[in-house]
Amino acid sequence: MEKSLNFIEQIVEDDLAAGVNDGRIQTRFPPEPNGYLHIGHAKAVCIDFGIAERYNGTCNLRFDDTNPVKEDVEYVDSIMEDIKWLGYKWNNVYYASDYFQQLWDLAVRFINEGKAYVDEQSSEIIAQQKGTPTVAGTESPYRNRSVQENLDLFMKMSAGEIPDGKMVLRAKIDMASPNMHFRDPILYRVITTHPHHRTGYTWKVYPMYDFAHGQSDYFEGVTHSICTLEFVVHRPLYDWFIDQFKETEYRPKQIEFNRLNITYTVMSKRKMLQLVQEGLVSGWDDPRMPTLCGLRRRGYSPESIHNFIDKIGYTKVEGIIDLGLLEHAVREELNKTSTRVSAVINPVKLIITNYPEGKTEMMEAVNNPEDENSGTHTIAFTRELWMEREDFMEEAPKKFFRMTPGQEVRLKSAYIVKCTGCKKDEDGNITEVYAEYDPLTKSGMPDANRKVKGTLHWLSAAHSLPAEVRLYDRLFSVENPSADERDFRELINPGSLEVKTNCYVEEYLKDAQPLDRFQFQRIGYFNVDSDSTAEKLVFNRTVSLKDSWAKEQNK
RNA sequence: UGUCCUAUAGCGUAAUGGUAGCGCAGCAGAUUCUGGAUCUGUUAGUCUAGGUUCGAGCCCUGGUAGGACAACCA
């Protein structure tokens, strides 16, 4: 069945059908370069670029760089990298700063037309005069200066003769408007003390968002300006500005969708910056972060992000997505694509007492049972093995289908073995587990088809590589940190990172490179961290496998 | 003198005036050399009161609830 259109696609198709803009479709992705892109931005990237792709239009990348105080090239670079990683190509890269001259000219035009004035009150006074949502504002005493005086003052502002914060250019609209954004919004402010990342100290005045965004859309020929719901109240002003100077029937149309929220995380650049600056995470690319670079380092593939975005949809309803859905999206994709390997995270020795000492057999391991073209690789089997400590219980409940005295289990890709006992130290800790193998049950042999309840993964002690494994979990311990009255930093999950240093992986992973993704059989999906070296392999857990045994135990 | 947006199972999302579906989560079972994957079954929903209509989740009105807007941020 054809997937139904979301409301944005519906609007675009309606416009196409009506012949709006002669069938031309143009969108833009307009990030402010003041932070790293996160999964919420990915949702926006996918609709902006996706609409252009689907309807044979163009999508440009435009940096909304109108506030030099917060912006930096570091962010420009990372944003471009992340968009490319998601698999999109922009038509052009633009910057709002490309339009500073045009916008300034427009501001002068507004002054000449009596639609803008220079206010020299403090920001506090201006805020007071703005009124409140239920109380009308009052007019500035500077509101009715002459055009010439306004022009002179704006020239002084622009020449750097006015200190920061002393004067602003405001639109003259309606201080009593029920829409707060019409109460003489600020158009330009003076910033002389911060260099702009592209224009340096050339400009002394910078346009505000409302005077830059819609105008930039117009200058570029954007037809559908897609953004998030918090800009709904800006739309009348967006339209009003364009009405003041548009020269033809063309106009960009702003459409707003619900921003992405996910349980157990935060989706605010401000909070992410705080986490980074206060060292609560290791950086913007900490694998616990919802940033795209964080998810990438965690092991998420671009396909898994797309898979997730496809599932959540675009509407105008504000909600919160279950983190489980994101995890499902990545599992679904990695299940189809990742090579299965063996790794033991919490090792204990397993001795096959009737297996000859010194003997080594190379067993054939299927790379991916979900992909018949994925082939096989070999894994060494010997008398002394590593197994997971959790896979042995001296006294086990009935439903424990693993290693326990007297019970048979299958060693994946090798033999069926029967547990015979274990050895403990004086504190009662299990130091070795013993089992006997059945030589006729090697994988592929007829007897290997015997029904055995459990299958365990294992590693030859003499043939395994030491590794560090970082087990990541949700960053916050409450579902919705943003809705909690406590400071979000107090809500960080203390178990969000568990480092396991005493792990082993099979030799097949000897040459694994950073970002390579694998399934550690029976455990989860893991990828190689950027900290990994040939001497010391480091893996990150992307997500665990679904674990119905754990669920059973929690009952 | 407030304006605007929104309301469909626990969560997300369809149904474009004509049988309320789907995904995730949950539950039960089958199957499996990963307690994975896969397959089957299953629990559970139109905020409320009116109106229009042969017929309303959808259109209209009033409630109710949630949210956005009062940065020299975007």
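Only heavy atoms go into these numbers, but all of them, side chains included; no hydrogens, no water, no symmetry mates. Letters A, B, ... mirror the listed sequences (proteins, then strands); counts begin at 1.
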Engineer: Partner of B:U48 by Watson-Crick or G-U wobble geometry, both contacts under 3.5 Å, or none?
Structural biologist: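 Base-paired to B:G62.
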
Engineer: Check this one for me: any side-chain N or O of A:T315 less than 4.0 Å away from OP1 or OP2 of B:U13?
Structural biologist: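 Answer is yes, contact under 4.0 Å.
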
Engineer: Does a distance-only test, which skips hydrogens and angles, find a donor-acceptor pair under 3.5 Å between the side chain of A:R522 and the base of B:G35?
Structural biologist: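 When only heavy-atom distances are counted, A:R522 does not reach the base of B:G35 through any donor-acceptor pair under 3.5 Å.
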
Engineer: With rounding to the closest Å, how many angstrom separate the P atoms on B:U34 and B:U43?
Structural biologist: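 Result for the P pair: 31 Å, nearest Å.
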
Engineer: Searching all strands shown, indicate the nucleotide that pairs with B:G29 (Watson-Crick or G-U wobble; both distances under 3.5 Å).
Structural biologist: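 Pair assignment: B:G29 / B:C39.
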
Engineer: Considering only the C1' atoms, how many Å lie between B:G26 and B:C11, rounded to the nearest integer?
Structural biologist: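 Going atom to atom, C1' in each nucleotide, I get 12 Å.
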
Engineer: How do A:I312 and A:K70 order along RNA chain B: which one's closest nucleotide is nearer the 5' end?
Structural biologist: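 So the residue in question is A:I312.
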
Engineer: From the set B:C69, B:C73, B:G35, return the single nucleotide nearest to any side-chain atom of A:H181.
Structural biologist: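 Of the options given, the side chain of A:H181 lies nearest B:C69.
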
Engineer: Select base, sugar-phosphate, or nothing to describe what A:T263 touches, counting heavy atoms under 4.0 Å on all strands.
Structural biologist: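 No contact.
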
Engineer: Whole Å only: how far is the NZ atom of A:K546 from the C1' atom of B:U38?
Structural biologist: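 About 11 Å, once rounded to whole Å.
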
Engineer: Rounded to whole angstrom units, what separation is found between the CD atom of A:E230 and the P atom of B:A71?
Structural biologist: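 In whole Å, B:A71 P lies 16 Å from A:E230 CD.
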
Engineer: Between the protein and nucleotides 4-11 of chain B, list the N/O to N/O atom pairs that are separated by less than 3.5 angstrom.
Structural biologist:
residue : atom : partner : partner atom : Å
B:C11   : O3'  : A:I320  : O            : 3.4
B:C11   : O2'  : A:I320  : O            : 2.9

Engineer: What is the distance from CZ of A:R340 to P of B:U32, rounded to the nearest Å?
Structural biologist: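 Interatomic distance, CZ of A:R340 to P of B:U32: 18 Å.
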
Engineer: Decide whether A:W104 and A:S158 meet the rule of one side-chain donor and one side-chain acceptor closer than 3.5 Å.
Structural biologist: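 Present: a donor and an acceptor within the cut-off.
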
Engineer: What is the nucleic acid contact for A:N258, judged by heavy atoms within less than 4.0 Å: base, sugar-phosphate only, or nothing?
Structural biologist: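 The answer is sugar-phosphate, as A:N258 gets under 4.0 Å only of primed atoms, P, OP1 or OP2.
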
Engineer: Take atom NZ of A:K551 and atom P of B:A28, then tell me their distance rounded to the nearest Å.
Structural biologist: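 Computing the A:K551:NZ to B:A28:P distance gives 9 Å.
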
Engineer: Does CD belonging to A:E161 count more than 12 external heavy atoms closer than 6.0 Å?
Structural biologist: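 Counting neighbours around CD of A:E161, more than 12 heavy atoms of other residues, nucleotides or ligands fall under 6.0 Å, so yes.
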
Engineer: At 4.0 Å (heavy atoms only), tell me whether A:F400 reaches a base, stays on the sugar-phosphate, or touches nothing.
Structural biologist: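 If one applies the 4.0 Å heavy-atom cut-off, A:F400 turns out to touch a base.
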
Engineer: With rounding to the closest Å, how many angstrom separate the P atoms on B:G36 and B:A14?
Structural biologist: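 Here B:G36 and B:A14 have their P atoms 32 Å from each other.
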
Engineer: Can you tell me, in whole Å, how much space there is between the C1' of B:G57 and that of B:G45?
Structural biologist: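 Nearest-Å result for B:G57 against B:G45 at atom C1': 10 Å.
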
Engineer: Have a look at A:E256 and say if it touches a base, only the backbone sugar-phosphate, or nothing, with a 4.0 Å heavy-atom cut-off.
Structural biologist: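 A:E256: no heavy atom of the nucleic acid under 4.0 Å.
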
Engineer: Looking at A:A329, is its backbone amide N or carbonyl O close enough to the side chain of A:N307 to form a donor-acceptor pair, meaning the two atoms are under 3.5 Å apart?
Structural biologist: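 Yes; at least one donor-acceptor contact below 3.5 Å.
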
Engineer: State whether the distance check finds a donor on one side and an acceptor on the other, under 3.5 Å, for side chain A:E370 versus base B:U38.
Structural biologist: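 Donor-acceptor pair under 3.5 Å: no.
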
Engineer: Ignoring the backbone of A:S123, work out which of B:C72, B:A70, B:G35 is nearest its side chain.
Structural biologist: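 In terms of side-chain proximity for A:S123, the closest of B:C72, B:A70, B:G35 is B:C72.
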
Engineer: Assign A:Y188 to base, sugar-phosphate, or nothing according to its heavy-atom contacts below 4.0 angstrom with the strands shown.
Structural biologist: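 Nothing, no heavy atom under 4.0 Å.
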
Engineer: Would the base of B:A68 count as contacting A:H234 through its side chain, where contact means a donor and an acceptor less than 3.5 Å apart?
Structural biologist: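 Donor-acceptor pair under 3.5 Å: no.
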
Engineer: Between B:U31 and B:U40, how far apart are the P atoms? Round to whole Å, please.
Structural biologist: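 Rounded to whole Å, the distance is 15 Å.
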
Engineer: Considering every strand and a 4.0 Å limit on heavy-atom distances, what is the contact class for A:P31: base, sugar-phosphate, or nothing?
Structural biologist: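 Touches nothing.
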
Engineer: Identify which nucleotide among B:U1, B:C24, B:G35 has an atom closest to any side-chain atom of A:T455, counting heavy atoms from C-beta outward.
Structural biologist: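 Of all the options, the side chain of A:T455 is nearest to B:G35.
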
Engineer: Suppose you measure atom C1' in B:U13 against the same atom in B:G50; what distance do you get, rounded to whole Å?
Structural biologist: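 Nearest-Å result for B:U13 against B:G50 at atom C1': 29 Å.
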
Engineer: Using a 4.0 Å heavy-atom cut-off, does A:K269 contact any base of the nucleic acid, only the sugar-phosphate backbone, or nothing at all?
Structural biologist: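 Nothing, no nucleic acid heavy atom in range.
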
Engineer: What is the nucleic acid contact for A:R331, judged by heavy atoms within less than 4.0 Å: base, sugar-phosphate only, or nothing?
Structural biologist: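 No contact.
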
Engineer: For atom NZ of A:K130, decide whether the heavy atoms of other residues, nucleotides or ligands shown that lie under 6.0 angstrom number more than 12.
Structural biologist: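 Count over threshold, so yes.
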
Engineer: Would you mind telling me which of B:C27, B:C69, B:U16 lies closest to the side-chain atoms of A:L5?
Structural biologist: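 Among the listed nucleotides, the one closest to the side chain of A:L5 is B:U16.
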
Engineer: I need the NZ-P distance between A:K453 and B:G36, as an integer number of Å.
Structural biologist: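 So the NZ-P distance, A:K453 to B:G36, works out to 12 Å.
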
Engineer: Among B:U1, B:A74, B:G35, which is the nearest nucleotide to the side chain of A:A176?
Structural biologist: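 In terms of side-chain proximity for A:A176, the closest of B:U1, B:A74, B:G35 is B:U1.
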
Engineer: Between the main-chain N or O of A:E74 and the side-chain N or O of A:D72, is there a donor-acceptor pair closer than 3.5 Å?
Structural biologist: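 Between the backbone of A:E74 and the side chain of A:D72 there is a qualifying donor-acceptor contact (under 3.5 Å).
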
Engineer: Go through the steps for A:F526 and A:F539 under the test ring pair (Phe, Tyr, Trp, His ring centres under 6.0 Å), then give the verdict.
Structural biologist: CA-CA 6 Å; A:F526 291 77; A:F539 294 89; 7.3 Å; no

Engineer: Please figure out whether A:S177 or A:N34 has its closest RNA chain B nucleotide nearer the 5' end.
Structural biologist: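 Mapping each residue to its closest nucleotide by heavy atoms, the 5'-most match is A:S177.
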
Engineer: Go through B:G36, B:A74, B:A71 for me and flag the one nearest to the A:D64 side chain.
Structural biologist: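 Given the options B:G36, B:A74, B:A71, the side chain of A:D64 is closest to B:A74.
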
Engineer: Consider only side-chain N and O atoms of A:Q129 and A:S140, and report whether a donor and an acceptor are under 3.5 Å apart.
Structural biologist: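 Absent: no donor and acceptor within the cut-off.
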
Engineer: Under 4.0 angstrom, heavy atoms only, what part of the nucleic acid is A:G35 near: base, sugar-phosphate, or nothing?
Structural biologist: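 Nothing, no nucleic acid heavy atom in range.
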
Engineer: Applying a 4.0 Å non-hydrogen cut-off, can you work out what A:Q121 is touching in the nucleic acid: base, sugar-phosphate, or nothing?
Structural biologist: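 Here A:Q121 touches the bases of the nucleic acid.
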
Engineer: Check the pair A:F110 / A:F211 against ring pair (Phe, Tyr, Trp, His ring centres under 6.0 Å), numbers first and verdict last.
Structural biologist: CA-CA 11 Å; A:F110 269 55; A:F211 197 69; 5.5 Å; yes

Engineer: Determine, answering yes or no, if A:Y209 is stacked on B:A74 under the 5.5 Å centre rule and the 30° plane rule.
Structural biologist: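 Here the ring of A:Y209 and the base of B:A74 are not stacked, as the 5.5 Å and 30° limits are not both satisfied.
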
Engineer: Given atom CG of A:L545 and atom C1' of B:U38, what is their separation to the nearest angstrom?
Structural biologist: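 Rounded to the whole Å, the gap is 14 Å.
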
Engineer: Looking only at side-chain atoms of A:Q521, point me to the closest of B:A74, B:U34, B:G2.
Structural biologist: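 Per side-chain heavy atoms of A:Q521, the pick is B:U34.
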
Engineer: Let's see if you can work this out: which of B:A14, B:U1, B:G36 has an atom nearest to the side-chain heavy atoms of A:N6?
Structural biologist: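 Looking only at side-chain atoms, A:N6 lies closest to B:A14.
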
Engineer: Determine the interatomic distance between P on B:C58 and the same-named atom on B:U19; round to the nearest Å.
Structural biologist: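 My reading of the P atoms in B:C58 and B:U19 gives 14 Å.
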
Engineer: If you compare every side-chain N and O of A:K166 against the phosphate oxygens of B:C72 (OP1, OP2), does one of them come in below 4.0 Å?
Structural biologist: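 No, no such contact exists.
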
Engineer: Can you check the distance between B:A71 and B:G63, where both ends of the measurement are the C1' atom (answer in whole Å)?
Structural biologist: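 My reading of the C1' atoms in B:A71 and B:G63 gives 35 Å.
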
Engineer: Send over the distance from A:L411 CG to B:G35 C1', rounded to a whole Å.
Structural biologist: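 So the two atoms are 16 Å apart, to the nearest Å.
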
Engineer: Could you verify whether a donor N or O on one side chain and an acceptor N or O on the other, from A:Y209 and A:N67, lie under 3.5 Å apart?
Structural biologist: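 A:Y209 vs A:N67: no donor-acceptor pair found between side chains.
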
Engineer: Do the side-chain N or O atoms of A:S548 get closer than 4.0 angstrom to the phosphate oxygens (OP1, OP2) of B:G36?
Structural biologist: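 True: A:S548 side-chain N/O within range (under 4.0 Å) of B:G36 OP1/OP2.
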
Engineer: Look at the side chain of A:P133 and decide which nucleotide, out of B:G2, B:G35, B:G12, has an atom nearest to it.
Structural biologist: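 Out of B:G2, B:G35, B:G12, the nucleotide with an atom closest to A:P133's side chain is B:G2.
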
Engineer: Does a salt bridge link A:R402 with A:E388, judged by any charged N lying under 4.0 Å from a carboxylate O?
Structural biologist: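 The answer is no: the pair does not qualify as a salt bridge.
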
Engineer: Starting at OG1 of A:T337, measure out to OH of A:Y525 and round the result to the nearest 0.5 Å.
Structural biologist: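 A:T337 atom OG1 to A:Y525 atom OH measures 8.0 Å (nearest 0.5 Å).
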
Engineer: A:H196 pairs by ring-ring contact (aromatic ring centres under 6.0 Å, His included) with which of A:F100, A:W203, A:F63, A:Y95?
Structural biologist: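 Exactly one pass, corresponding to A:F100.
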
Engineer: When you measure from the side chain of A:A136, which nucleotide among B:U1, B:G12, B:U34 comes out closest?
Structural biologist: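 Of the candidates, B:U1 comes closest.
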
Engineer: Measure from NE2 on A:H41 to C1' on B:A74 and round the result to the nearest Å.
Structural biologist: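 Roughly 10 Å, once rounded to whole Å.
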
